[in-house]
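Worksheet for the structure shown next.
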Amino acid sequence: MSVLLEIKNVYAGYGERTVLEDVSLTISEGDFMGVIGPNGGGKTTLLKLILGIVRPTSGTVRYNESLIDRRNIGYLPQVSQVDSAFPLVVKDIVLSGLMMHKKLYGRMDRADKERAQNIIRELGLQGYEKATLSELSGGQVQRVFLGRALAGNPRLLLLDEPDNFVDTSFENEFYLRLRELNKKMAILMASHDVGTVSSYVKSFACVNRKLHYHPSPEITNEQLSAYDCPIQLVTHGRVPHTVLEKHE
């Protein structure tokens, strides 16, 4: 598996406030990594660092040639950060995911429009092509922006807290779809629901200012404590629910 991205000894944040401290991480083809940690710990900042929205104050971020201009990185933001007054309709939002692959002033052709329509159908949004975001549920809005992220056939897909707005009727299908997508792209998914995502991811990155990589989908409260990752661990089935003690 070739390396897509290597982060080495990176410090990053906003202004004088450091959010990520001495972070190192390698992302390779075929990875499906859960990014976990407390609110404010740096999960979203890590994704923005990969996207180039946040710049490191020190350290390096090296991209595979296919990701140099970051056109082949798909991104699903937190739906709560999306303005419901966004003026485009569903079909145009999905099509906008192809714009980075077009030359300046390039026009959408028939193949582009057919691809967008296929994505809309696959995500269960047929009939909503001309709907605005204000006419959709939170889960439907999330599907629209997932469609936009997938439109360009990315090699790396970044998902920021997608479980916050997954419709209950779509949840299982959503994660199974990610498992299928992982056959052709690497995935990083920031999430607070460790119990659910552990059934699908291959590894974890625990982020709380610093980053600790865990190469397995199986993670215990003792390991999270050792990683200084004070989050709630909820598991299902025969394993009892567990809540970590508060870190001082």
Side-chain angles (χ1 to χ4, degrees), residues 1-78 81 100 149 152-162 178 181-192 194 197-198 200-220 222-231 247:
M1 294 291 183
S2 64
V3 172
L4 294 175
L5 175 70
E6 185 177 19
I7 300 169
K8 191 171 183 180
N9 304 123
V10 161
Y11 287 73
Y14 308 93
E16 296 182 356
R17 182 169 65 94
T18 298
V19 177
L20 298 176
E21 179 181 327
D22 197 22
V23 164
S24 296
L25 183 68
T26 299
I27 302 167
S28 301
E29 289 182 337
D31 280 347
F32 191 166
M33 192 181 304
V35 181
I36 59 175
N39 290 336
K43 300 188 298 296
T44 295
T45 302
L46 176 66
L47 300 188
K48 290 182 176 180
L49 175 75
I50 293 171
L51 288 165
I53 298 171
V54 171
R55 302 287 185 179
T57 54
S58 66
T60 59
V61 182
R62 292 192 176 94
Y63 298 88
N64 177 290
E65 288 186 1
S66 65
L67 299 181
I68 284 293
D69 56 11
R70 292 180 283 281
R71 288 190 300 173
N72 288 323
I73 301 178
Y75 176 51
L76 175 65
Q78 292 187 31
Q81 297 176 356
M100 291 185 66
N153 284 316
R155 294 193 68 192
L156 174 62
L157 177 63
L158 307 179
L159 308 170
D160 196 357
E161 301 280 4
L178 292 184
L181 288 170
N182 184 227
K183 294 177 181 178
K184 56 182 181 180
M185 65 186 70
I187 300 175
L188 258 71
M189 178 168 60
S191 177
H192 62 274
V194 185
V197 302
S198 63
Y200 300 93
V201 302
K202 299 174 181 177
S203 61
F204 279 109
C206 303
V207 182
N208 186 17
R209 194 174 177 94
K210 295 188 176 182
L211 185 150
H212 298 275
Y213 177 71
H214 185 76
S216 167
E218 298 177 357
I219 194 165
T220 67
E222 290 84 4
Q223 288 165 330
L224 289 174
S225 180
Y227 298 153
D228 191 27
C229 200
I231 63 173
H247 288 256

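What you see is a predicted model, and the numbers here were worked out from it, not measured in a lab.
Between the Asn208 side chain and the Leu211 main chain, no donor and acceptor come within less than 3.5 Å of each other. Here the side chain of Asn64 pairs a donor or acceptor atom with the backbone of Val3 at under 3.5 angstrom. In this structure, the side chain of Arg209 does not engage the main chain of Glu21 through any donor-acceptor pair within 3.5 Å. Between the side chain of Thr57 and the main chain of Tyr11, a donor-acceptor pair closer than 3.5 Å is present.
A distance of 6.5 Å separates CG in Leu25 from CD1 in Ile50, rounded to the nearest 0.5 Å. Between Leu67 atom CG and Leu5 atom CG the span is 7.0 Å, to the nearest 0.5 Å. Atoms CG and CD, on Leu4 and Glu6 in that order, are 11.5 Å from each other to the nearest 0.5 Å. In this structure, CG in Leu51 is found 8.0 Å from CZ in Arg70, a value given to the nearest 0.5 Å. Here Met33 contributes atom CE and Met189 contributes atom CE; the two are 12.0 Å apart, rounded to the nearest 0.5 Å. Separation of atoms CZ (Phe32) and CD1 (Ile27) is listed at 13.0 Å; rounding is to 0.5 Å.
At a threshold of 4.5 Å between non-hydrogen side-chain atoms, the residues Pro56 and Leu49 count as touching. Proximity of Leu46 to Ile7: side-chain heavy atoms (C-beta onward) are separated by under 4.5 Å at one or more points. Within the 4.5 Å cutoff, side-chain heavy atoms of Phe204 are placed close to those of Val194. Within the 4.5 Å cutoff, no side-chain heavy atoms of Lys43 are placed close to those of His192.
When all heavy atoms of Val54 and Ala12 are compared, the pair lying nearest together is CG1-CB, 4.0 Å. When all heavy atoms of Ser191 and Ile36 are compared, the closest pair comes out as O-CG2, 3.6 Å. Closest approach of Leu76 and Pro162 over heavy atoms only: CD2-CB, 4.0 Å. Shortest non-hydrogen contact noted between Gly30 and Ala186 is N-CB, 4.3 Å. The shortest heavy-atom contact between Pro154 and Ile73 is CB-C, 4.0 Å. Leu20 approaches Gly42 most closely through the heavy-atom pair CD2-O, 3.7 Å.
Shown here is Lys184, whose NZ atom has no more than 12 heavy atoms of other residues, nucleotides or ligands within 6.0 Å.
For the side-chain contact (heavy atoms from CB on, under 4.5 Å) test with Ile187, the passing option among Leu158, Leu159, Asp31, Leu156 is Leu159; the others fail.
Residues Thr26 and Tyr213 bring no donor and acceptor atom of their side chains to less than 3.5 Å of each other.
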